[in-house]
Every structure is written in C-alpha cells, then in structure tokens.
Amino acid sequence: MIEKITTPVPYPEGTVNSYLLKDDALSIIDVGTKTSIALEAMEAGIKNAGYQMTDIEQVILTHHHPDHIGLIDAFPNAKVFGHVYIDAWLRRDPVFLNSHNDFYLERMKEEGVPEKYFGWVKKMTRSIEMLGERTLTDLIHEGDEIPGHPGLVAIETLGHAQSHFAFWNEKKRSIFGGDLLLDRIASNPLIEPPLNPKSKRAKSLLQYNNSLKKLLRLPIDVLYSGHGGDIHNVSELVNARLEKQHLRAMKVLSLLEGKPQNTFELTKIIFPTHYESQLGLTLSQTIGQIDYLLDCELIREETDSDGVFWYEKK
Ligand SMILES: [Zn+2]
C-alpha cells in the first residue's frame with residue numbers, strides 16, 4: 001500500500017508530499033514541515049489511511065531540508081532512517097554547525113561579493129528551529145535495502161542536498177524521488193557546507209547531474225515526487241532538465257568571452273532583477289554553471305591577490 005499525504009509548507013512550493021508505505025513494516029517517507037497546520041494535515045492524512053501517528057514504525061527521510069524532516073517528533077514510536085549528513089543536523093553537531101557561517105563567508109569572498117552583502121551569511125545559514133528534536137536511529141547507505149520493505153533500495157542522489165537519497169523498487173519499477181526530480185520546477189543544486197569543515201565544498205550541480213543520470217539507468221515507470229504530482233515520463237523529463245541546464249551554461253559561457261568575470265558580477269548580469277533579494281539562491285545557480293563549464297574545460301579560473309576567483313572562456 002502506498003498512500004500519498006500532502007501537507008502545507010511556508011515556501012513557494014506550497015505543499016510537500018509524504019508517502020505512507022505498508023509492507024512488512026508501516027513506514028512514512030518524509031514528514032513535512034514543523035508547523036501546526038502541517039501537523040494537522042499530517043494527522044488527518046494518517047487517520048484517513050486508517051492509522052494513528054503512534055502506529056508508524058519507521059520514518060524514512062529523503063534529505064535534511066526542513067520541509068521534509070520537520071515533523072519527526074510527531075512519530076514517537078518510529079525508528080528514523082536517513083543519511084549521515086542528516087544525522088549531523090539532528091544531533092546539532094557543534095563542529096559542523098559552527099562551521100556554517102565561516103563556510104558561507106569564505107564562499108562570498110571568493111565569489112567577489114562586496115562587503116555590504118556579508119550580512120547574507122546569516123540568511124544562507126539554515127536555522128535549526130525548523131528541525132525536530134529526535135535524532136536518527138539508523139543510518140542509510142548507498143544500496144541498503146530498507147528494513148520491512150523488501151526490494152526498496154536506497155540510491156544516493158546528492159546535489160539538491162548533501163544528504164539526498166531516493167528509494168527505488170526494481171520489481172515495482174517505482175522510485176520515491178524526494179526533490180531529485182519535480183514535475184513543474186527544476187530542483188536547485190544548493191551550495192551546502194561539507195560534513196567535515198576541512199573538506200572542500202561539493203560541486204552541487206555536477207553531483208545533481210550525476211544523480212539525474214542515475215535515474216536514466218534505472219527502469220522506472222513512476223517517480224513519487226517530493227512536491228507536486230507523480231512523474232511517469234522520467235527519462236524524458238531528466239533529459240529536458242539536463243538540456244536546459246546545458247543551454248544556460250552556454251549563455252554563461254558567452255558572457256565570459258574576452259572579459260574575465262567573478263561569480264558575483266556574473267550573477268548580477270544573469271539575474272539583474274532578483275540577485276539582491278535572493279542572493280544565496282542566485283549565487284548558487286551561477287556557481288553551478290561555473291562548475292559545469294570548468295568540468296567541460298571550456299573556461300579557466302584564476303585567483304587574484306584578494307583571493308577572488310575570476311573566470312574566462314578558453
Ligand atoms: Zn523540498
């Protein structure tokens with residue numbers, strides 16, 4: 001049995017999907033936002049399916065974003081499964097969390113962002129208030145079969161989040177996709193701090209493209225998505241998303257012809273009307289395209305004496 005439960009989120013997506021799953025175990029995949037209206041909607045959804053919150057045996061998380069993990073406290077009898085990166089968040093690992101401001105400040109400096117915007121560091125650093133109080137009981141790794149759900153296998157699909165898993169059932173040709181692929185909007189490859197503060201930042205867009213390509217290799221008839229409707233044309237949509245991203249990168253490439261630019265200057269050109277109001281998101285997008293162009297060896301990178309990275313077409 002798969003029962004979709006949709007709860008409201010205080011973001012532009014509007015709602016988030018959870019999936020109640022009954023095999024040998026009764027589990028829920030993702031749990032919505034930590035708000036009272038989301039909790040009400042969740043309780044109504046579980047009741048509608050013929051259960052109570054306390055009946056749920058396992059909470060399985062696709063990634064750590066607050067619209068997916070906020071209500072974990074509402075399932076007191078459930079084990080909680082997720083990526084080791086979620087574990088660091090839920091345990092409020094001090095070394096990990098304390099590194100976040102420094103991480104974003106360093107990124108802004110190397111992106112050439114003027115000092116007057118440095119206050120954005122606080123906005124980029126995700127708050128812990130939207131997290132539940134519980135911690136993970138079990139870590140998930142690539143290829144793990146989820147207990148109580150024969151054939152349901154964890155596929156690590158990083159990019160949108162540094163904690164992202166999709167859960168694929170080969171026999172049923174179905175996958176719970178989290179935010180890997182959404183029907184109406186492209187998923188953002190956000191820049192997030194590494195688990196180990198000494199590690200380099202992950203190249204989210206490259207990770208994300210690789211994760212999308214994993215979908216192309218799996219036989220899938222239906223993808224149960226984290227937001228919006230089910231997706232039946234997975235390959236077609238993946239190819240369209242990859243193609244669109246490539247075209248955007250080619251536009252960015254044309255801006256780097258004959259004149260080196262830094263990430264901030266590029267972001268201003270690409271997003272003239274909303275780079276200031278959505279600095280974190282727009283910088284993330286530009287960094288993604290830069291990483292892609294570097295990976296394709298179409299641009300070169302140089303660092304100036306202030307530590308700012310400059311890019312130019314080869
Ligand atoms: Zn989401």
Side-chain angles (χ1 to χ4, degrees), residues 2-21 27-35 37-39 41-42 45 59-75 80-83 85-90 123-132 136 140 154-168 175-193 202 204-205 207-209 211-212 214-215 222-231 234 237-238 241 245 278 280-282 284-285 288:
I2 297 172
E3 186 87 20
K4 180 172 171 177
I5 299 173
T6 298
T7 55
V9 298
Y11 311 114
E13 291 97 335
T15 58
V16 65
N17 301 326
S18 299
Y19 297 92
L20 198 61
L21 198 59
S27 303
I28 188 161
I29 298 183
D30 287 347
V31 289
T33 317
K34 189 179 168 183
T35 63
I37 50 167
L39 178 59
M42 177 61 78
V59 169
I60 301 159
L61 301 169
T62 61
H63 63 294
H64 71 286
H65 295 166
D67 49 334
H68 297 260
I69 73 169
L71 287 177
I72 46 174
D73 297 344
F75 300 92
V80 186
F81 294 75
H83 194 280
Y85 193 91
I86 307 186
D87 190 49
W89 271 103
L90 291 179
K123 289 194 210 172
M124 290 175 183
T125 303
R126 227 175 250 287
S127 82
I128 55 168
E129 290 140 39
M130 296 300 282
L131 302 180
L136 295 187
I140 301 174
I155 313 276
E156 196 179 51
T157 41
L158 306 183
H160 171 67
Q162 291 306 309
S163 57
H164 204 287
F165 273 114
F167 302 100
W168 177 56
I175 190 163
F176 295 92
D179 285 358
L180 177 57
L181 190 66
L182 308 177
D183 60 352
R184 283 164 304 170
I185 44 169
S187 197
N188 291 312
L190 301 170
I191 300 298
E192 294 180 329
S204 312
L205 180 71
Q207 288 180 321
Y208 180 66
N209 285 353
S211 297
L212 284 181
K214 279 189 180 181
L215 286 181
V222 57
L223 180 146
Y224 301 109
S225 175
H227 303 270
D230 300 347
I231 297 170
V234 171
L237 195 56
V238 165
R241 294 270 195 269
Q245 182 271 312
Q278 295 196 46
L281 208 59
T282 52
S284 260
Q285 296 271 6

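Counting starts at 1 for both ligands and their atoms, following the listed order.
Residues Asp179 and Ser187 bring no donor and acceptor atom of their side chains to less than 3.5 Å of each other.
Minimum heavy-atom separation, His64 to Tyr85: CE1-CE2, 3.4 Å.
Within Asp179, the N, O or S atom lying nearest to the Zn ion (ligand 1) carries the name OD2. Within His227, the N, O or S atom at minimum distance from the Zn ion (ligand 1) carries the name NE2. Counting just the N/O/S atoms of Asp67, the one with the shortest distance to the Zn ion (ligand 1) is named OD2.
With rounding to the nearest 0.5 Å, the separation of CD1 in Ile191 from CD in Gln162 is 8.5 Å.
Here His160 does not reach the Zn ion (ligand 1): none of its N/O/S atoms is less than 2.8 Å from the metal.
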Could you walk me through whether His65 and His164 pass ring-ring contact (aromatic ring centres under 6.0 Å, His included), step by step?
CA-CA 10 Å; His65 295 166; His164 204 287; 8.2 Å; no
